[in-house]
2 protein chains.
Amino acid sequence: MVNKISTQTLFPNFDSSLLKNILEHSTIVEAQAGTVLMRTGQYIRNTVLVTQGKIKIYREDDEGKEFFMYYLLPGQACAISMICATKSEKSQIMAKVVEDAELIMVPLQLMDKWMTEHRSWYEFVIDTYRSRFEEVLIVIDSIAFRSMDERLEFYLKRNARTNQTNDIQISHQEIANDLSSTREVISRLLKKMEQRGFVKLHRSHIELLK
Amino acid sequence: MVNKISTQTLFPNFDSSLLKNILEHSTIVEAQAGTVLMRTGQYIRNTVLVTQGKIKIYREDDEGKEFFMYYLLPGQACAISMICATKSEKSQIMAKVVEDAELIMVPLQLMDKWMTEHRSWYEFVIDTYRSRFEEVLIVIDSIAFRSMDERLEFYLKRNARTNQTNDIQISHQEIANDLSSTREVISRLLKKMEQRGFVKLHRSHIELLK
DNA sequence: GCTACATTGTAACATTTATCACAGACTACT
DNA sequence: AGTAGTCTGTGATAAATGTTACAATGTAGC
């Protein structure tokens, strides 16, 4: 059952009739860290709102290689699941839970219906499109224009910002996967960053110093 | 003055009252090949519909380096100019006319107003978001997962498809700019592709053989 | 035809990133 | 404490891409 109070806090711009609709017609799903919520090529049947936890959104290639694009946090929605809504298309991305999550699943027909009935839903959807599009453009910048050491720095900073801590719990291997590079390259670049005083390295854990 | 017949042909899904609104309230702009329609950082005041010509959309970095993302063709609209509409934000991209173009400029307030008033406009906007988002994801694939020779092949094929010809009028230098590489690298890779029988090289002009 | 300019070809070399190989260090579990 | 597994460090080497330098060719304008 959806908790009205917390939903209201997380989505403060939703009007009360929309909130009521959400509480009545959506289902709640809990997903443990590690779960793959959505795979490339699967059909999308719901628009996903996040109320708890943390989700990573990836682009996959044919051989299963992953490329990290952005995080989904409480109060946010999956833009792809909205975009595909109108056409009930296949997912273009992979979504992986990295911290135990609670999700509101809104059936696609409602997602579409509410666009005309609830101004606050319409604005939320448009704003989700906008902010994700912008985020994806910044991701393009980093791969199109930057070398691996700059991308790594960008990655660490973004991770620290998202998780609101300078202690990043992650292995070199996972960073390498996210950046579509290799572990040795990341280890070496991190070592150089440590020598420059930018980070302090620990096992499965990187401390950002500035 | 907007030509009603051609607009109707290019945007067949627009209902007649929407068409009437467009003809009344929008302005037509003609732009010659070479014109930069929009620069990164400029404020967006209109949503742009293309009725004639060809436009290339780029992402720019701080030092003015360009990275080509996609084409805008007649019957299409600039997704970024729609996305920024609601917030009247700064442009995140650069738009360059590559074939003399005719554009319909829809003031931002109307773009937003019509979303609720014209179902066909709403659907057009949502579909523009969707298709551009998907296109951008494919662009991410090509830079995240592919090496330069594969990206070049992808680039040439896309160019041929968009321009509906296997004779691509372009210099090695321009390809290098679009892919954020260098002319020498592109020349070398093209030479190899020619040896493999994939293309035939001419001056300022590449013939795609398969 | 001559000249200036844009375009292409290519060699030599530098740098960045990836791959292979292996060792040492830490952790979890029994 | 011992063992298996994960994580990190690092050297050697290969491959891809970028840089520098210069020559050759085609084109446009006079």
Side-chain angles (χ1 to χ4, degrees), chain A residues 33-34 61 63-68 98 141-156 159 167-209, chain B residues 33-34 61 63-68 98 140-156 159 167-208:
Chain A
D61 83 342
E63 294 119 34
K65 244 176 139 187
E66 303 169 357
F67 177 79
F68 170 65
V98 290
D141 285 354
S142 71
I143 23 177
F145 299 129
R146 308 291 165 212
S147 54
M148 197 52 83
D149 55 349
E150 292 173 297
R151 288 175 55 195
L152 177 56
E153 192 177 320
F154 171 72
Y155 175 89
L156 292 175
N159 193 305
D167 277 343
I168 304 171
Q169 303 289 329
I170 201 165
S171 72
H172 299 183
Q173 184 63 63
E174 192 177 347
I175 298 177
N177 293 343
D178 285 359
L179 294 176
S180 192
S181 175
T182 62
R183 203 263 313 161
E184 295 88 332
V185 171
I186 300 301
S187 285
R188 267 195 284 264
L189 291 175
L190 281 171
K191 210 69 204 164
K192 278 186 200 162
M193 290 174 86
E194 188 174 43
Q195 282 156 11
R196 278 169 34 218
F198 183 80
V199 293
K200 194 155 172 9
L201 301 179
H202 312 268
R203 188 189 169 84
S204 301
H205 157 216
I206 297 169
E207 200 178 330
L208 247 188
L209 298 179
Chain B
D61 83 343
E63 293 119 33
K65 243 175 141 189
E66 303 169 357
F67 177 78
F68 170 65
V98 290
I140 286 190
D141 286 353
S142 71
I143 23 179
F145 299 129
R146 308 291 166 213
S147 54
M148 196 52 84
D149 54 348
E150 292 173 296
R151 289 175 55 195
L152 177 57
E153 192 176 321
F154 171 71
Y155 175 89
L156 293 175
N159 194 306
D167 278 343
I168 303 171
Q169 304 288 328
I170 202 166
S171 71
H172 299 182
Q173 184 63 63
E174 193 176 345
I175 298 177
N177 294 343
D178 284 0
L179 294 176
S180 193
S181 176
T182 61
R183 203 263 312 162
E184 294 85 337
V185 172
I186 300 301
S187 287
R188 263 197 294 262
L189 293 175
L190 281 172
K191 210 69 202 162
K192 278 185 201 164
M193 289 173 87
E194 187 175 44
Q195 283 157 10
R196 278 171 34 219
F198 184 79
V199 293
K200 193 155 172 14
L201 301 180
H202 311 268
R203 188 188 170 85
S204 300
H205 157 215
I206 297 169
E207 199 177 332
L208 249 186

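Just so it is clear: chains get the letters A, B, ... in the order the sequence lines come, proteins before strands, and each one is counted from 1. Because the structure is predicted, anything quoted here is derived from the model rather than measured.
Relative to the side chain of A:R188, the nucleotides D:dT17, C:dG9, D:dA12 differ in distance, and D:dA12 lies closest. Among C:dT16, D:dG5, D:dG9, the nucleotide with an atom closest to any side-chain atom of A:K191 is D:dG9. Minimum atom distance to the side chain of A:S171 is reached by D:dC7, of the listed C:dT8, C:dG9, D:dC7. Closest to the A:S187 side chain, of the nucleotides D:dG9, C:dT17, D:dG5, is D:dG9. Relative to the side chain of B:E184, the nucleotides D:dT19, D:dT6, C:dA21 differ in distance, and D:dT19 lies closest. In this structure, the nucleotide among D:dT25, D:dT6, D:dT19 sitting nearest to the side chain of B:T182 is D:dT19.
Rounded to an integer number of Å, the gap from CD1 of A:I143 to P of D:dT17 is 15 Å. Summarising the geometry, the separation between CD1 on A:I186 and C1' on D:dC7 is reported as 15 Å, rounded to the nearest angstrom. Atom CZ of A:R146 is separated from atom P of D:dG18 by 15 Å (rounded to the nearest Å). Separating the CG atom of B:L201 from the P atom of C:dT7 is a distance of 15 Å, rounded to the nearest angstrom. Atom P of nucleotide C:dA6 and atom CD1 of B:I170 are separated by 17 Å, given to the nearest angstrom. For the pair B:Q169 CD and D:dT27 C1', the interatomic distance rounds to 14 Å; values are reported in whole Å. A straight line from NE2 of A:H202 to P of D:dT6 spans 23 Å, rounded to a whole angstrom. Per the geometry, CD belonging to B:Q173 stands 9 Å off P belonging to C:dT8, to the nearest Å.
Here the straight-line distance linking atom CZ of A:F145 with atom CD of B:E66 works out to 8.5 Å at 0.5 Å rounding. Annotation: the span from B:R203 atom CZ to B:H172 atom NE2 amounts to 10.5 Å, rounded to 0.5 Å.
For the pair A:F67 and A:N177, the minimum side-chain heavy-atom distance is 4.5 Å or more. Two residues are said to be in side-chain contact when any heavy atoms from C-beta on lie closer than 4.5 Å; A:Y155 and A:I170 meet this criterion. By the 4.5 Å heavy-atom criterion applied to side chains, B:M148 and B:L189 are counted as neighbours.
Residue B:S181 has a polar side-chain atom (N or O) positioned under 4.0 Å from OP1 or OP2 of D:dG18.
Interface remark: the A:R183 side chain does form a donor-acceptor pair with the D:dG9 base, using a distance-only criterion of under 3.5 Å.
Contact annotation for B:S204: backbone-only contact, meaning every heavy-atom pair under 4.0 Å involves sugar-phosphate atoms and none involves a base.
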